[in-house]
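Input: a single structure, listed below in structure tokens.
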Amino acid sequence: MTTIFLIRHSEPLKSTVIINEEIPLSSNGELKAKKLADLEELRDIDLIYSSEYKRAISTARYIALKNDLLLNISSKLNERRLGD
């Protein structure tokens, strides 16, 4: 059986100046992402994917490191742009 976890990025830095895709995690977001990586459910996973967004990569990076995995980054996971 395959189990898939969908995890939203941790707390982003609040900014109106930085382009959406480049908004990093806040200090608190970094701490939360580190704690997330320690969850029992996220141990011994086989693959990890992230969107190209900086905050998503930062969150997923902690999980990848805990599991000694390469982080797969895909534009297919980016936010969808449906117009104005």
Contacts of type side-chain hydrogen bond (donor to acceptor under 3.5 Å, both in side chains), residue N20, not counting sequence neighbours: R55, E79

What side-chain donor-acceptor pairs closer than 3.5 Å can you find for residues 32-41, not counting sequence neighbours?
residue : atom : partner : partner atom : Å
K32     : NZ   : E11     : OE1          : 3.4
D38     : OD1  : K66     : NZ           : 2.7
E40     : OE1  : R43     : NH1          : 2.8

Spacing of I48 atom CD1 and L70 atom CG [to the nearest 0.5 Å]: 11.0 Å

Value rounded to 0.5 Å, distance of OH in Y53 from OG in S58: 14.5 Å

Within-4.5 Å side-chain heavy-atom neighbours: F5 and L42: yes

Atom pair CG/CG of D68 and D44 - distance to nearest 0.5 Å: 11.5 Å

Gap between atom CG of L6 and atom CZ of R8 - 0.5 Å precision: 12.5 Å

Nearest-0.5 Å distance, CG of residue L31 to CG of residue L25: 10.0 Å

E30-Y62 side chain donor-acceptor pair, cut-off 3.5 Å: yes

Heavy-atom check, side chain of I18 versus side chain of P24, under 4.5 Å: yes

Residue pair I63, L69: steps toward the side chain to side chain contact (heavy atoms under 4.5 Å, CB included) verdict: CA-CA 8 Å; I63 301 166; L69 294 172; over 6 Å; no

T59 side, atom OG1; H9 side, atom NE2 - distance, nearest 0.5 Å: 7.5 Å

Any residue meeting side-chain hydrogen bond (donor to acceptor under 3.5 Å, both in side chains) with S15, in chain and number order, not counting sequence neighbours: none

